[in-house]
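Letters A, B, ... are given to chains in the order of the sequence lines, protein chains preceding strands, and every chain is numbered from 1.
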Amino acid sequence: MPVPARITAVRTLTELEKLYTIELPYGLTLDHDPGQFVQVSLFGVGEAPISICSSPSRSNGLFELCVRNVGDLTSKMHALNVGDTLGIRGPFGRGFPMERFRGKDVVFIAGGLGLAPLRSVIYEAIDHREKYNRLVILYGARSPQEMLFRDEVNAFNWMDDVEMFSTVDRGDEKWRGHVGFVNSLLNQVHLNPHNTVAIVCGPPVMYQFIIDDLIRLGVAEHDIWLSFERHMKCGVGKCGHCQINHIYACLDGPSLSYTEIKNLEEAL
Amino acid sequence: MSNLKTIPKTALNEWVQRLRRRFRVVGPRPKNGQFVFAEIETAVEMALDYPTTCMPPKKYLFPPQETLLRYHLDGSHIQAVIETEPTVIFGIHTCDVQATRLFDQIFSQGFADQHYRARREDIYLISIECMAPCTEHAYCHDMGTSHLPEAADLHLTDVGQMYVVHVNTPKGESLLADTLAEPFTADWQPIYDRVIAKKMEAFEKRLDFEVTELKELLRDGYSSPLWQDVGDDCLVCGMCTQVCPTCVCFNMEDEADLTQTEGQRTRTWDSCQATTFALVAGGHNFREARMARQRHRFMRKGKYMHDAYGLLGCVGCGRCGSTCLVNITPIKVLNALYQEQHAEQIESDVPEMELSYEDVTARSAGVAVDLHAGACENNGRTHPH
């Protein structure tokens, strides 16, 4: 059953995306793992699964959701303001297994809105920086205007112990950075494939390209982690919508390694 | 271990009357030349020798539409709604009982579903032994669901003037008014055994393989060209999933009432055959092809559900085969898949088995070849002795 949660802040990121800070009632905290999702209810409208965008390490009892205005529910969500109420169920699903990434070079590969779920993992890694070796962030957006979290991406650029690479599919007159799809950044990173884990999130079309490139560079299949977006209704392994062959994206995912899905035709 | 009793058929009406004081009683009723589960007021309204019902009695456990939540639109007063009514399902066939076992598992494992669980507690099952296959599409005998006398709360077997009653649970016990039921004396045993033996003769094997081979068959047949043929035939009407006793996929919808102050969340049956079932907001459809959706249905019934719940997702009731407008039937599809794999197997085994061309074609056509029956049963993987 959803609990009524309050919106405590709304930040407009782009024309299409807004960032919501949300507070649970009765002093409840979400206590999520990076990579998990919640089911967000708009009472009288519907419910949708949305990745948690904030890191547990920075929660302060609140959490953040980055929402793209793309459908009925999200367009109505974009009309909400500070103080408004929405319903929350969760957190659900399996986050990324951070313990497995200890001592590794962690490469985040985000395409478009895929930066939102990865943001929870990125801050978790930055806030426990000593646990990991290199932290590399590759981020591709369609255009400079569509880049998310521009201030934060900028801050990552200035961090000594984080390597931040951005690209856009199409630049504009002001863009001085890299132009090309996000996988084209992989050449600039000089990965040590034997000690690299890659965490990938983006639109469905992106996955196969990235996986092929990572494997060509020598990254092990079990070190490639992906976050899967699926149609979901229940979030708890009953309604059937999110199945990837026998796997429930809501229970076994949304974070899955390439090893787990490589033989599943419905995955990519 | 069940306790056996008998009940005279003449007492049926009185029994139903007594049950109706405590329960809604639903049973198989004739309707427009077919049979449906519906509420009954007297026992004579039931046709307990019915072949099968168009829809399974699943609708009482998992209604086509149910309210899950009511709330105020401002997010206050969120209340779970439990829609339940003490109900006796009278005359349910054992295939459908097996389907309720699967539902019990699905809605109890992991995140338990309070709506289902509460309703299930209120449902009492009285099953009845089938004496002959109900349709040409039923393959309950292959699926091991044609004779399950200990699965429901009570199980009735028609032995002429009487029903032999298996009393399987305390719930079942509570349904049997003691004044009506009579002891199962030793005299009844040979009569009961004869009835069951005769019943078993009436059911023939309809799958070319054993049910224990089903998961392997589907796993190995995942990339078979057969699925394209099935998908090409499919009209995407979704009837196969509507009439299925084990289909559990659902949709959830929220709506506001006319005053715009309160609203509710409902759960409705959904179908994995629907074009938009796996469509995500960005427009990507993860199961766009009809072939992929039909294949998913078969994989789920015959493999995935067993992997997840330890029970097969098909009980062999044959309703999907009966209802399909283009004759996509599980018997046909699964046997074709088996023959396809089996034919390949035979080809590779031909020199060692010394099979003649006639044998191979006969077997591929599904005709039994007694000489090599052993090889057939073993799926061709081992050689006859």
request  = Let me see the working for A/Asn245 and B/Tyr304 under side chain to side chain contact (heavy atoms under 4.5 Å, CB included), right down to the final yes or no.
outcome  = CA-CA 8 Å; A/Asn245 293 73; B/Tyr304 302 160; 3.1 Å; yes
request  = Compute the ring centroids of A/His241 and B/Phe277, then answer whether they are less than 6.0 Å apart.
outcome  = yes
ask   = What part of B/Asp270 lies closer than 4.5 angstrom to a heavy atom of chain A: side chain, backbone, both or neither?
value = side chain
ask   = Which bit of A/Ala267 is near chain B, if near means a heavy-atom gap under 4.5 Å: side chain, backbone, both or neither?
value = backbone
query = Closest approach of A/Pro204 and B/Phe286, non-hydrogen atoms and distance?
reply = CG-CZ, 3.9 Å
B/Tyr71 side-chain N/O to A/Gly44 backbone N/O, donor-acceptor pair under 3.5 Å = yes
task = Could you tell me which non-hydrogen atom of B/Ala281 sits nearest to which non-hydrogen atom of A/Val70, and how far apart they are?
result = CB-CG1, 3.7 Å
query = How long is the span from the CG atom in B/Leu73 to the OG1 atom in A/Thr85, to the nearest 0.5 Å?
reply = 11.5 Å
remark   = The interface call for B/Ala308 against chain A, heavy-atom contacts under 4.5 Å, is neither
note = Shortest non-hydrogen pair, A/Pro2 vs B/Ile78, comes out as O-CD1, 3.5 Å
task = Write down the atom of A/Cys234, the atom of B/Phe250, and the distance for their closest heavy-atom approach.
result = CB-CZ, 3.7 Å
query = Under a 4.5 Å heavy-atom cut-off, does chain B meet the side chain of A/Leu251, its backbone, both or neither?
reply = side chain
key: Ionic contact status for B/Arg287 with A/Glu265, cut-off 4.0 Å   = no
Whether over 12 other heavy atoms sit under 6.0 Å from B/Tyr309 OH = yes
ask   = What is the minimum heavy-atom distance between B/Thr276 and A/His231, and which atoms define it?
value = O-ND1, 3.8 Å
note = Note: vs chain A, highest number of non-hydrogen pairs under 4.5 angstrom among B/Gly283, B/Gly263, B/Gly75 is B/Gly75
ask   = Between B/Leu68, B/Val248, B/Leu69, which residue shows the highest count of heavy-atom pairs closer than 4.5 Å to chain A?
value = B/Leu69
message = Around atom CZ of A/Phe209, are there more than 12 heavy atoms from other residues, nucleotides or ligands closer than 6.0 Å?
response = no
remark   = Output for pair (A/Lys233 NZ, B/Arg267 CZ), nearest 0.5 Å, gives 13.0 Å
task = Between chain A and each of B/Gln264, B/Met252, B/Glu253, count heavy-atom pairs under 4.5 Å; write down the option with the most.
result = B/Met252
request  = Pick whichever of A/Pro203, A/Pro4, A/Gly237, A/Cys239 has the most heavy-atom pairs under 4.5 Å with chain B.
outcome  = A/Cys239
B/Tyr116 portion near chain A, given a 4.5 angstrom heavy-atom threshold = neither
query = Roughly how far, to the nearest 0.5 Å, is the CE atom of A/Met1 from the CZ atom of B/Arg265?
reply = 10.5 Å
key: A/Gly240 versus B/Arg300, closest heavy-atom pair with distance   = CA-NH2, 4.3 Å
note = So, the part of A/Val236 with a heavy atom under 4.5 Å from chain B: the answer is both
remark   = The interface call for B/Glu255 against chain A, heavy-atom contacts under 4.5 Å, is backbone
message = Can you tell me which portion of A/Thr74 sits under 4.5 Å from chain B's heavy atoms? Options are side chain, backbone, both or neither.
response = neither
query = Would you say A/His246 and B/Lys303 make side-chain contact, with heavy atoms under 4.5 Å?
reply = no
ask   = Which region of B/Gln260, side chain (C-beta onward) or backbone (N, CA, C, O), has a non-hydrogen atom less than 4.5 Å from a non-hydrogen atom of chain A, or is it both or neither?
value = neither
ask   = What part of A/Phe228 gets closer than 4.5 Å to chain B, counting heavy atoms only: side chain, backbone, both or neither?
value = neither
task = Check the surroundings of atom CZ in A/Arg11: do more than 12 heavy atoms from other residues, nucleotides or ligands lie under 6.0 Å from it?
result = yes
request  = Let me know if B/Met299 has heavy atoms under 4.5 Å from chain A in its side chain, its backbone, both or neither.
outcome  = neither
ask   = chain A: which of B/Ile106, B/Asp257, B/Asp307, B/Asp113 shares the most heavy-atom pairs with it under 4.5 Å?
value = B/Ile106
query = Looking at CD of A/Glu266 and CD of B/Glu288, how far apart are the two atoms once the value is rounded to the nearest 0.5 Å?
reply = 12.5 Å
ask   = In terms of heavy-atom contacts, does CD of B/Glu85 have more than 12 from other residues, nucleotides or ligands at under 6.0 Å?
value = yes
